[in-house]
Amino acid sequence: MFVNEYIMNRKRYDKWATPKFWRLPTFYVCLVIFIAGVFGWIYFDRVNASARWQSIGAFLTFVAVYRGVFFNWMHADKTFRLTRQKYFNEKDWSCKVIVREKDISLHINGKLNNRVDWSEIKKLEEARSYYKLSAADGVEGVMLDKACFTEGDPDSFLQWMREIHPEIEHVRIAPAFDK
């Protein structure tokens with residue numbers, strides 16, 4: 001029915017796995033901590049407070065920047081590198097997703113990796129450049145790149161999903177992952 005083929009590389013993995021940090025709920029908490037840290041760092045320097053107080057402001061600033069901006073990106077980078085190293089001999093891997101009436105199959109580097117029945121799919125999440133067919137837990141899912149359909153196209157896939165599987169909820173993906 002539908003075939004979606006793509007190479008899983010660092011750029012694609014980053015697009016799918018790393019949220020836009022300014023769209024996360026924790027962004028505002030990190031922003032407040034950052035502002036407090038910078039203010040404290042400058043204030044304690046101006047009033048000639050001990051180095052301990054100045055370092056508290058600097059520490060808050062660096063923690064806010066690390067946790068708010070870099071943490072999710074670094075986590076995705078580490079996951080991608082370890083997966084590539086452990087399973088794919090330090091190389092990017094090819095993915096082929098075949099969507100049929102009875103199931104969905106995922107082939108990695110030409111070998112069947114996973115087969116999912118439609119009863120396991122609970123949600124179709126749509127982003128600007130991809131679809132995610134999510135399982136009940138919402139974490140696991142099958143990804144389809146909209147630009148990489150070799151059989152069918154994104155619009156006909158969406159129409160087919162609405163007609164054949166109306167029981168599957170169709171939603172926009174979380175704003176942080178809408179890339």
Side-chain angles (χ1 to χ4, degrees), residues 1-27 65-162 164-165 167-179:
M1 303 262 344
F2 297 96
V3 178
N4 193 270
E5 295 183 65
Y6 53 86
I7 301 294
M8 183 56 77
N9 55 24
R10 178 69 182 98
K11 185 177 179 181
R12 179 172 278 118
Y13 190 85
D14 188 39
K15 181 186 241 183
W16 290 351
T18 306
K20 298 174 187 173
F21 67 89
W22 62 90
R23 295 278 184 136
L24 292 172
T26 58
F27 172 70
V65 169
Y66 167 73
R67 188 66 179 101
V69 177
F70 295 112
F71 178 77
N72 290 313
W73 180 82
M74 292 170 64
H75 184 272
D77 181 59
K78 181 179 179 182
T79 303
F80 178 78
R81 284 186 296 108
L82 291 176
T83 301
R84 200 167 92 157
Q85 178 185 18
K86 185 174 181 179
Y87 299 110
F88 303 109
N89 210 18
E90 298 287 333
K91 296 179 180 158
D92 296 341
W93 59 95
S94 66
C95 296
K96 181 178 183 179
V97 180
I98 302 173
V99 178
R100 293 184 286 262
E101 289 198 32
K102 294 184 180 188
D103 63 8
I104 304 165
S105 60
L106 173 63
H107 301 261
I108 295 182
N109 290 339
K111 295 179 184 172
L112 179 64
N113 179 271
N114 196 3
R115 189 171 300 234
V116 180
D117 290 328
W118 282 106
S119 61
E120 298 176 49
I121 303 296
K122 301 300 178 199
K123 191 186 307 182
L124 168 64
E125 297 179 88
E126 183 178 359
R128 280 187 218 137
S129 62
Y130 63 93
Y131 295 113
K132 179 180 180 184
L133 295 164
S134 301
D137 60 6
V139 176
E140 296 294 321
V142 178
M143 310 295 273
L144 302 168
D145 192 318
K146 287 182 178 180
C148 296
F149 277 91
T150 56
E151 289 184 30
D153 59 73
D155 295 330
S156 60
F157 171 73
L158 191 58
Q159 182 66 28
W160 181 80
M161 283 294 295
R162 287 183 177 147
I164 304 300
H165 296 288
E167 74 280 3
I168 296 175
E169 181 183 12
H170 177 227
V171 297
R172 291 293 300 173
I173 201 155
F177 291 95
D178 194 8
K179 299 179 186 179

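Fair warning: this is a prediction, and the values are worked out from it, not measured in the lab.
Nearest heavy-atom pair across A135 and K122 is C-CG, 4.1 Å.
A search for ring pair (Phe, Tyr, Trp, His ring centres under 6.0 Å) contacts involving Y6 returns W16, not counting sequence neighbours. Residues passing the salt bridge (charged side-chain N to carboxylate O under 4.0 Å, His left out) test with K96, sequence neighbours excluded: none. Looking at residues two or more places apart in sequence or on another chain, you find a side chain to side chain donor-acceptor pair (under 3.5 Å) between R10 and D77. F177 meets the ring pair (Phe, Tyr, Trp, His ring centres under 6.0 Å) test with no other residue; sequence neighbours excluded. Qualifying side chain to side chain contact (heavy atoms under 4.5 Å, CB included) partners for T83, counting only residues two or more places apart in sequence or in other chains: T79, Y87, F88, W93. Residues passing the ring pair (Phe, Tyr, Trp, His ring centres under 6.0 Å) test with W22: none are found, sequence neighbours excluded.
No side-chain heavy atom of I98 sits less than 4.5 Å from a side-chain heavy atom of M1. At a threshold of 4.5 Å between non-hydrogen side-chain atoms, the residues W160 and E101 count as touching. Proximity of W118 to K102: side-chain heavy atoms (C-beta onward) are nowhere separated by under 4.5 Å. Counting heavy atoms from C-beta outward, R100 and S105 have side chains that approach closer than 4.5 Å. E151 has its side chain out of reach of F2: every pair of non-hydrogen atoms, C-beta onward, lies at least 4.5 Å apart.
Not a single donor-acceptor pair under 3.5 Å links the side chain of D117 to the backbone N or O of S119. Checking side-chain atoms of N109 against main-chain N and O of S94 turns up a donor-acceptor pair under 3.5 Å. W73 contributes no side-chain N or O that, together with a main-chain N or O of F21, makes up a donor-acceptor pair within less than 3.5 Å. Checking side-chain atoms of D153 against main-chain N and O of D155 turns up a donor-acceptor pair under 3.5 Å. The backbone N or O of K179 sits less than 3.5 Å from a side-chain atom of S129, completing a donor-acceptor pair.
None of R12, R128, K15 except one satisfies the salt bridge (Lys or Arg N to Asp or Glu O under 4.0 Å) rule with D145; the exception is R12. For the side chain to side chain contact (heavy atoms under 4.5 Å, CB included) criterion with L144, the lone passing option out of L124, V3, V97 is V97. When the options E120, K123, M161 are evaluated for a side chain to side chain contact (heavy atoms under 4.5 Å, CB included) with L133, the one that passes is M161. The side chain to side chain contact (heavy atoms under 4.5 Å, CB included) test with H165 is passed by exactly one of E169, E167, R162: E167.
A salt bridge does not link D14 to K11: none of the charged nitrogens lies less than 4.0 Å from a carboxylate oxygen. Salt-bridge annotation for E126 and K146: present, with a side-chain N of the basic residue lying under 4.0 Å from a carboxylate O of the acidic one. Between D178 and R172 there is a salt bridge, with a side-chain nitrogen of the basic residue lying less than 4.0 Å from a carboxylate oxygen of the acidic one.
The CE atom of M143 sits 9.5 Å away from atom OH of Y13, with the distance rounded to the nearest 0.5 Å. Within the model, atoms CG of N114 and CG of L106 stand 6.5 Å from one another, a figure rounded to the nearest 0.5 Å. Here CE of M8 is found 5.0 Å from SG of C95. Values are rounded to the nearest 0.5 Å. Rounding to the nearest 0.5 Å gives a distance of 5.0 Å between CG of D92 and CG of N9.
Residue H75 places its NE2 atom among 12 or fewer non-hydrogen atoms of other residues, nucleotides or ligands, all under 6.0 Å distant. Counted within 6.0 Å of CZ on R84, heavy atoms from surrounding residues, nucleotides or ligands total more than 12; the atom is thus considered enclosed. In this structure, K20 places its NZ atom where more than 12 heavy-atom neighbours from other residues, nucleotides or ligands lie under 6.0 Å away.
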Candidate pair S134 and E125, rule side chain to side chain contact (heavy atoms under 4.5 Å, CB included), full reasoning:
CA-CA 7 Å; S134 301; E125 297 179 88; 2.6 Å; yes
Give the intermediate values and the outcome of side chain to side chain contact (heavy atoms under 4.5 Å, CB included) for residues Y66 and M74.
CA-CA 10 Å; Y66 167 73; M74 292 170 64; 3.7 Å; yes
For a side chain to side chain contact (heavy atoms under 4.5 Å, CB included) check, start with the C-alpha distance between T18 and F80, then their side-chain angles and the critical distance, and finish with the verdict.
CA-CA 11 Å; T18 306; F80 178 78; over 6 Å; no
Steps toward side chain to side chain contact (heavy atoms under 4.5 Å, CB included) verdict (I121, V116):
CA-CA 8 Å; I121 303 296; V116 180; 3.8 Å; yes
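Ring-plane geometry between F149 and Y131 is classed as perpendicular, the angle between the planes exceeding 60 degrees on a 0 to 90 degree scale with a lower cut at 30.
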